[in-house]
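Predicted model only: the values in this text are computed from it and were never measured.
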Protein chains: 2
Amino acid sequence: MNNPTNSDDLSLKLFVVLTRALASIRKRVEEDIKCLGLNPTEFAVLEFIYSKGEQPIQKIGQKVLIASSSITYVVDKLEQKQFIRRKPCPSDRRITHATLTDNGLKLMDEIFPKHKDAMNTIFDGLDNKEKEVMIEQLKKLGYHAEKI
Amino acid sequence: MNNPTNSDDLSLKLFVVLTRALASIRKRVEEDIKCLGLNPTEFAVLEFIYSKGEQPIQKIGQKVLIASSSITYVVDKLEQKQFIRRKPCPSDRRITHATLTDNGLKLMDEIFPKHKDAMNTIFDGLDNKEKEVMIEQLKKLGYHAEKI
DNA sequence: TATAATTATCTCGAATTCGAGATAAAAAGG
DNA sequence: CCTTTTTATCTCGAATTCGAGATAATTATA
């Protein structure tokens with residue numbers, strides 16, 4: 001327990017535990033989503049447009065952390081599934097917006113509340129206070145890793 | 001700050017922060033590794049064999065959390081790079097072990113200490129006490145998500 | 001023992017992601 | 001106004017991962 005070599009490997013161990021915990025969590029989140037014929041990236045894109053309204057494709061990519069070539073692919077898929085539509089921007093012809101179709105809006109109105117419930121179930125291993133603490137600590141970790 | 005709607009979305013927020021923090025961290029870890037011509041999965045496989053000695057391919061897959069078809073692919077790559085070698089198991093002819101080559105052992109002897117240093121730098125946003133707390137909380141989260 | 005179930009690995013095709021580079025439009029600098 | 005730089009999106013090919021199913025060996029069961 002208080003083995004002196006322990007502190008050497010705390011970072012390694014934290015990395016492993018972090019990776020595994022998020023893998024377990026993702027598995028559950030994915031289960032919640034894939035029965036709708038969506039993968040996590042597609043859901044994240046819909047979620048972003050749902051909360052912020054129509055968005056330039058490039059902004060979406062930044063938000064869901066994927067490369068520009070990948071966001072093109074995801075938007076293609078969502079357009080095929082009729083959940084979003086591309087809409088050229090009148091004031092800047094480089095920009096294409098993605099906007100929810102009626103279909104997409106109806107879908108999100110229906111599934112988003114359920115999704116939040118599912119998330120609360122998945123994260124029920126911690127109480128609210130613990131979640132708040134972990135959010136702060138993760139931000140610290142993330143900021144630090146970002147600016148190294 | 002103490003907005004009453006806050007607690008509703010704590011799980012959602014924790015998921016986002018968790019995802020982003022790990023993404024930032026992974027970017028750094030990947031930088032540390034890719035200059036060796038390895039990707040994170042390949043490194044994890046080498047790390048596992050390095051610490052545990054030669055292992056059945058299937059055990060490696062379990063440890064690094066990838067599907068059986070993927071571990072075949074990764075072991076192929078590492079064999080091409082001459083860092084590991086396949087070795088049939090004499091007592092069970094279904095099993096193939098993967099073992100480090102001299103090359104692979106030399107590589108790991110050289111890079112593993114450096115890797116640990118890099119990890120300590122990456123995780124330097126938290127002190128040891130905070131890391132220990134986070135490890136425990138993440139385990140709770142992971143166990144819970146696992147057994148839902 | 002013969003049959004069924006399980007286990008370990010592999011093959012194959014599909015899905016998702018990336019990076020490099022193309023194209024086109026807008027902005028900045030002279 | 002012309003050139004250069006930046007920005008937004010897309011195309012293409014490669015890398016990585018997965019799931020379904022094949023094969024072969026081992027173990028369990030009738």
Under 3.5 Å, N/O pairs linking protein and nucleotides 24-29 of chain C:
from: C:dA26; atom 1: OP1; to: A:Arg93; atom 2: N; distance (Å): 3.0
from: C:dA26; atom 1: O4'; to: A:Arg94; atom 2: NE; distance (Å): 3.4

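- For residues 60-72 of chain B, proximity to DNA chain C is found at B:Ser68, B:Ser69, B:Thr72, defined as any non-hydrogen atom under 4.0 angstrom from a strand atom.
- For A:Asp124, there are no salt bridge (charged side-chain N to carboxylate O under 4.0 Å, His left out) partners two or more places apart in sequence or in a different chain.
- Inter-residue side-chain proximity for B:Gln137 and A:Val133 is flagged as unmet; no heavy-atom pair is nearer than 4.5 Å.
- With 3.5 Å as the limit, one finds no donor-acceptor pair spanning the side chains of A:Gln82 and A:Thr101.
- Counted within 6.0 Å of NZ on B:Lys81, heavy atoms from surrounding residues, nucleotides or ligands total more than 12; the atom is thus considered enclosed.
- By the side-chain contact (heavy atoms from CB on, under 4.5 Å) test, A:Ile135 pairs with A:Lys139, B:Leu10, B:Lys13, B:Leu14, B:Val17, sequence neighbours left out.
- The nearest pair of heavy atoms linking B:Leu138 to A:Ala21 is O-CB, 3.6 Å.
- Annotation: the terminal axes of the helix from C:dT1-D:dA30 to C:dG30-D:dC1 meet at 20°, where each axis is the rotation carrying the C1' atoms of four end pairs onto the next four (5 pairs per end, rounded to 10°).
- Taking both residues in full, the closest heavy atoms of A:Leu126 and A:Lys131 are given as O-CE, 3.4 Å, listed atom of the first, atom of the second, then distance.
- Using a 4.5 Å heavy-atom threshold, the side chains of A:Asp76 and A:Arg86 count as touching.
- Of all the heavy atoms in A:Gln62 and B:Arg20, the pair that sits closest is O-NH2, 4.2 Å.
- Across residues 73-85 of chain B, B:Tyr73, B:Val74 each have a non-hydrogen atom less than 4.0 Å from an atom of DNA chain D (numbered order).
- Residues from residues 26-54 of chain A with heavy atoms under 4.0 angstrom of DNA chain C, sorted by number: A:Asn39, A:Thr41.
- Note that the first and last nucleotides of DNA chain D, 5' to 3', having any atom under 4.0 angstrom from a heavy atom of chain B are D:dA15 to D:dT26.
- For the pair A:Thr121 and B:Ile148, the tightest heavy-atom approach, listed with the atom from each and the gap, is O-CD1, 3.8 Å.
- B:Glu130 pairs by the side-chain hydrogen bond (donor to acceptor under 3.5 Å, both in side chains) definition with A:Lys140, not counting sequence neighbours.
- Within the structure, ring-ring contact (aromatic ring centres under 6.0 Å, His included) contacts touching residues 56-102 of chain A (residues at least two apart or in different chains) do not occur.
- For B:Asp109, the side-chain hydrogen bond (donor to acceptor under 3.5 Å, both in side chains) test picks out B:Tyr50, with sequence neighbours left out.
- With hydrophobic clusters built from ILVMFWY side chains whose heavy atoms lie under 4.5 angstrom apart, B:Leu46 shares a cluster with B:Phe112.
- Atom CG of B:Asp127 has more than 12 neighbouring heavy atoms from other residues, nucleotides or ligands inside a 6.0 Å radius.
- Hydrophobic clustering (ILVMFWY, side-chain heavy atoms < 4.5 Å, transitive): A:Leu36 and A:Ile122 are in one cluster.
- With sequence neighbours excluded, the residues satisfying side-chain hydrogen bond (donor to acceptor under 3.5 Å, both in side chains) with A:Glu54 are A:Lys87.
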